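Below is one structure; the comments refer to it alone.
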Amino acid sequence: MHEATLRDRVAELLTASDRSNVPPFMVMDVMSAAERIEAAGGHVIHMEVGQPAAPAPRTAIAAARAALDFGRIDYTSALGIPSLRERIARHYHDTYGCAVDPGRIVVTTGSSGGFILAFLAMFEPGDRVAVTVPGYPPYRHILTALGCEPVLIETSGETRHALTGDTLLAMHRKSPLKGVLVGSPANPTGTMMSREALTHLMEAAQSAGIRFISDEIYHGLDYAFPAVTAAELSERALVINSFSKYFCMTGWRIGWMVVPDPLVRPIERLQQNLAISVPTLSQIAAEAAFDGREEMEAVKRGYVENRRILIEGLPKAGLTKFLPADGAFYLYADVSDFTADSFEFAKRMLEQAQVAATPGVDFDPFHGRNFIRFCYARSADDMREAVARIARWLG
Ligand SMILES: Cc1ncc(COP(=O)(O)O)c(C=O)c1O
């Protein structure tokens, strides 16, 4: 074959698919800039990345150590270790007083692995799936990569950034929706849906045959009022959760879903083929994590204090507008009094005050330029220092 033709053929083979063309996370740019400042001797207060500073529960780490000492780490069944699935089901009884059949629990590789399985099992390519904005970007990017159409629905402060049944149905009338995904407590807003708001939305979705997915990854981190699980309200909802946030196990990559009965077997077949099973060591640690709740409640009390420091301190520092910090560990601040470009604002705040936060553009293509997200999952001293630095910088 002619050399040029061969080169063309190779180039063709290496062209990435259109579906892989998803946007990057801008927070990564903030992180890299923070690293450069630290390499030059600066001391950055990290409030950009949404992960706990505390380690996994001691019980989880001990269980993983014991498993390593035993030696063999085998595959497990695709749906997860049976005792872990039973322990997760018991968690629903203990925490929410609701009965969930362990047979409906699917262990996943973080909630991120859960989204892929859920979307594949629930939707066809081309299906329209509603997600709220501001919202967690991978919802829409994973849907896009799988050939579905994410339908962005804006929420507002009037409804505490909760999607209402009326808005959902109005969107559905314009062009039919196959599904809807909401999260409460939410990232990046930190807002939560009341029992009433969640119930109305789920009833509206059910009345129109719209499949319902509830991302409950920040459950356990609720401050304003108790979080309600969609599993309690309907057996037709698909619930996604994770050990990443409340249990401080981000890097262990372990989560779970509560799935409607008819989807258990299809999801099992998908998991068998896509992953065989979820990392065994992490499953063993996750089961033991439930025995470390006391330790995790102490971590949560730290977030409560951090939240108090920010809610009291940021207005004095000059940031007076933010959404109700109901849950998770995020505070979403409106910086439109200072800038029309929150990316540039976050960059300057990092360079000049050495406080790293995430610009809202990652989460909201419409109004994100007016917002930045602070994560308050680190120490109280860090929070006090951040408030003092921002006060000096803006003052
Ligand atoms: C709202 C939300 N859902 C899901 C995830 C994914 O978490 P993981 O895959 O670690 O469970 C995150 C991570 O930040 C998140 O904020």
Side-chain angles (χ1 to χ4, degrees), residues 22 24-28 30-31 46-56 60 80 84 88 105-119 129 131-143 145 150 152 155 161-163 180-193 213-222 227 229-230 238-258 271 274-275 278-279 282-283 285-286 289 303 323 325-332 357-358 360 362-364 368 373-378:
V22 295
F25 228 170
M26 293 226 192
V27 65
M28 298 303 178
V30 179
M31 279 168 66
H46 287 278
M47 301 177 81
E48 77 280 34
V49 185
Q51 71 173 338
L84 171 59
I88 293 169
I105 306 286
V106 178
V107 179
T108 59
T109 311
S111 65
S112 305
F115 293 129
I116 297 168
L117 293 169
F119 296 164
V129 182
V131 293
T132 53
V133 169
Y136 180 60
Y139 296 153
R140 46 183 202 272
H141 299 162
I142 298 171
L143 283 166
L152 310 190
T155 57
H161 283 271
L163 174 62
V180 58
L181 188 168
V182 293
S184 167
N187 179 9
T189 58
T191 52
M192 284 172 57
M193 295 179 83
I213 303 176
S214 178
D215 180 358
E216 304 186 353
I217 183 170
Y218 292 102
H219 271 222
L221 304 177
D222 42 2
T229 175
L238 187 145
V239 172
I240 298 192
N241 208 321
S242 173
F243 289 88
S244 287
K245 309 292 171 157
Y246 176 82
F247 288 105
C248 302
M249 295 177 71
T250 49
W252 296 75
R253 310 308 303 127
I254 177 100
W256 77 86
M257 298 193 288
V258 183
Q271 180 98 289
L274 292 176
V278 169
S282 298
Q283 293 194 58
Y303 302 149
L323 307 190
D326 294 333
F329 31 53
Y330 302 119
L331 188 142
Y332 203 50
T358 309
D362 264 344
F363 309 103
D364 180 349
R373 186 197 73 177
F374 291 101
C375 171
Y376 55 86
R378 295 174 83 97

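In listed order, ligands and their atoms are each counted from 1. Keep in mind that what you see is a predicted model, and the values were worked out from it rather than measured.
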Exercise. Does the side chain of I217 reach to within under 4.5 Å of the side chain of I240, using non-hydrogen atoms?
Worked result: no
Exercise. Should you measure from each heavy atom of S112, which atoms of ligand 1 turn up under 4.0 Å away?
Worked result: 6 (C), 8 (P), 9 (O)
Exercise. Shortest non-hydrogen contact from V278 to V107?
Worked result: CG2-O, 3.4 Å
Exercise. Should you measure from each heavy atom of Y139, which atoms of ligand 1 turn up under 4.0 Å away?
Worked result: 1 (C)
For this session: Specify the closest pair of heavy atoms between A118 and M257, including all atoms of both residues, with the distance to one decimal.
Result: CB-SD, 4.1 Å
Seminar exercise, completed: The single option from Y303, F247, Y330, Y136 that satisfies ring pair (Phe, Tyr, Trp, His ring centres under 6.0 Å) with Y218 is Y330
Exercise. If every non-hydrogen atom of G113 is compared with every non-hydrogen atom of T108, which pair is closest and at what distance?
Worked result: C-CB, 4.3 Å
Problem set entry | Part of S111 within contact of ligand 1 (heavy atoms, under 4.0 Å) | both
Exercise. Taking non-hydrogen atoms only, is F243 closer than 4.0 angstrom to ligand 1 via side chain, backbone, both or neither?
Worked result: neither
Problem set entry | For atom 10 (O) of ligand 1, the protein heavy atom that lies nearest, with its residue and separation | S244 OG, 2.6 Å
For this session: Could you tell me whether S242 approaches ligand 1 through its side chain, its backbone, both or neither, with non-hydrogen atoms closer than 4.0 Å?
Result: side chain
Seminar exercise, completed: A student comparing V49, I217, T108, N241 should find that the heavy atom closest to atom 7 (O) of ligand 1 comes from I217
For this session: Within a distance under 4.0 Å of any heavy atom of G110, pick out the atoms of ligand 1 and give their elements.
Result: 9 (O), 11 (O)
For this session: For N187, take its heavy atoms, then give the atoms of ligand 1 lying under 4.0 Å from any of them.
Result: 1 (C), 15 (C), 16 (O)
For this session: Find all atoms of ligand 1 within a distance of less than 4.0 Å from any non-hydrogen atom belonging to R253, and give their numbers and elements.
Result: 8 (P), 9 (O), 10 (O)
For this session: Look at ligand 1 and say whether D215 reaches it with a heavy atom at a distance under 4.0 Å.
Result: yes
Exercise. How about T191 and Y332: do any of their side-chain heavy atoms sit closer than 4.5 Å?
Worked result: no
For this session: Report the part of K245 (side chain from C-beta onward, or backbone N, CA, C, O) that has a heavy atom under 4.0 Å from ligand 1; answer both or neither where that applies.
Result: side chain
Exercise. Are V258 and I105 close enough, and set up right, to give a side chain to side chain contact (heavy atoms under 4.5 Å, CB included), and what steps lead you there?
Worked result: CA-CA 5 Å; V258 183; I105 306 286; 3.9 Å; yes
For this session: Output, in order, the C-alpha distance, side-chain angles, deciding distance and verdict of side chain to side chain contact (heavy atoms under 4.5 Å, CB included) for T132 and Y139.
Result: CA-CA 9 Å; T132 53; Y139 296 153; 5.8 Å; no
